[in-house]
Amino acid sequence: MCNIKIHETQPLLNLKLDRVMQDIVYKLVPGLQDILAKTRIKPSCRAEVRHLRRVLCHRLMLNPQHVQLLFDNEVLPDHMTMKQIWLSRWFGKPAPLLLQYSVKEKRR
């Protein structure tokens, strides 16, 4: 399986869910499934990035100053709404809109 070459321009083309592997990982990493379930947020289209960041920080017990929301490795501005992100970056793609977050390291 490891010798199969991934498509160079579309690396996610042949990616599929493997329930058996998922179950194994969940058994090896206790609490991972609960952590992942807690981080799924379904906001209103009027919600702003700042609101999502606050909810995420509250659920993960992090300081909002250290968390950034990202789309395609681009930091999203706090004032942008989910509708604006959908229309400007995700229009025509299947739901759900996927965002990432990063946690900045604390300076010592």
Side-chain angles (χ1 to χ4, degrees):
M1 201 76 179
C2 292
N3 294 330
I4 297 174
K5 188 173 183 177
I6 296 174
H7 195 283
E8 291 177 9
T9 58
Q10 295 177 322
L12 302 178
L13 182 66
N14 294 319
L15 192 64
K16 62 181 180 180
L17 181 62
D18 185 342
R19 293 278 183 204
V20 175
M21 185 62 74
Q22 183 180 16
D23 291 343
I24 292 170
V25 170
Y26 286 156
K27 287 179 183 175
L28 289 173
V29 184
L32 178 63
Q33 189 171 10
D34 294 333
I35 291 168
L36 293 176
K38 287 178 186 177
T39 59
R40 289 187 183 159
I41 301 170
K42 297 179 182 177
S44 159
C45 66
R46 293 180 296 200
E48 294 180 355
V49 168
R50 82 178 93 241
H51 302 133
L52 288 179
R53 196 161 45 92
R54 284 186 200 144
V55 170
L56 182 64
C57 291
H58 177 73
R59 288 186 180 184
L60 298 176
M61 294 180 274
L62 296 169
N63 185 333
Q65 296 173 346
H66 298 126
V67 175
Q68 297 175 323
L69 281 177
L70 309 166
F71 178 85
D72 202 21
N73 292 324
E74 175 189 344
V75 177
L76 295 169
D78 275 346
H79 62 82
M80 194 170 226
T81 66
M82 294 302 103
K83 185 173 183 175
Q84 289 172 322
I85 295 169
W86 181 274
L87 292 174
S88 64
R89 293 171 169 84
W90 198 260
F91 189 75
K93 296 179 183 176
L97 167 66
L98 300 175
L99 301 176
Q100 297 84 35
Y101 68 93
S102 68
V103 179
K104 297 185 239 176
E105 287 188 38
K106 296 178 184 177
R107 293 185 183 179
R108 294 178 184 201

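Quantities reported herein were computed from a predicted structural model and do not represent experimental measurements. Side chains included, hydrogens not; waters and symmetry mates left out as well; all remaining heavy atoms used.
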Nearest non-hydrogen partners of P64 and C57, listed with the distance: CA-SG, 3.4 Å
H51 NE2 to R46 CZ distance, which is reported to the nearest 0.5 Å: 11.0 Å
Partner set under salt bridge (charged side-chain N to carboxylate O under 4.0 Å, His left out) for R50, not counting sequence neighbours: E48
Side chain to side chain contact (heavy atoms under 4.5 Å, CB included) between Q68 and V103, intermediate numbers included: CA-CA 7 Å; Q68 297 175 323; V103 179; over 6 Å; no
Chi angles and distances behind the side chain to side chain contact (heavy atoms under 4.5 Å, CB included) call for L56, L69: CA-CA 10 Å; L56 182 64; L69 281 177; 4.2 Å; yes
Atom pair CD1/SG of I85 and C45 - distance to nearest 0.5 Å: 11.5 Å
Over 12 foreign heavy atoms within 6.0 Å of NZ, K93: yes
Tabulate below the donor-acceptor pairs under 3.5 Å that side-chain atoms of residues 71-78 make, not counting sequence neighbours, or state none.
{"unit_1": "E74", "atom_1": "OE2", "unit_2": "R89", "atom_2": "NH2", "d": "2.8"}
{"unit_1": "D78", "atom_1": "OD1", "unit_2": "R53", "atom_2": "NE", "d": "3.3"}
{"unit_1": "D78", "atom_1": "OD1", "unit_2": "R53", "atom_2": "NH2", "d": "3.1"}
{"unit_1": "D78", "atom_1": "OD2", "unit_2": "R53", "atom_2": "NH2", "d": "2.6"}

Shared hydrophobic cluster for L70 and L97 (ILVMFWY, side-chain gaps under 4.5 Å): no
Sequence-distant partners of Q84, side-chain contact (heavy atoms from CB on, under 4.5 Å), two or more places apart: M80, T81
Heavy-atom pair of closest approach, residues Q100 and L98: NE2-O, 4.0 Å
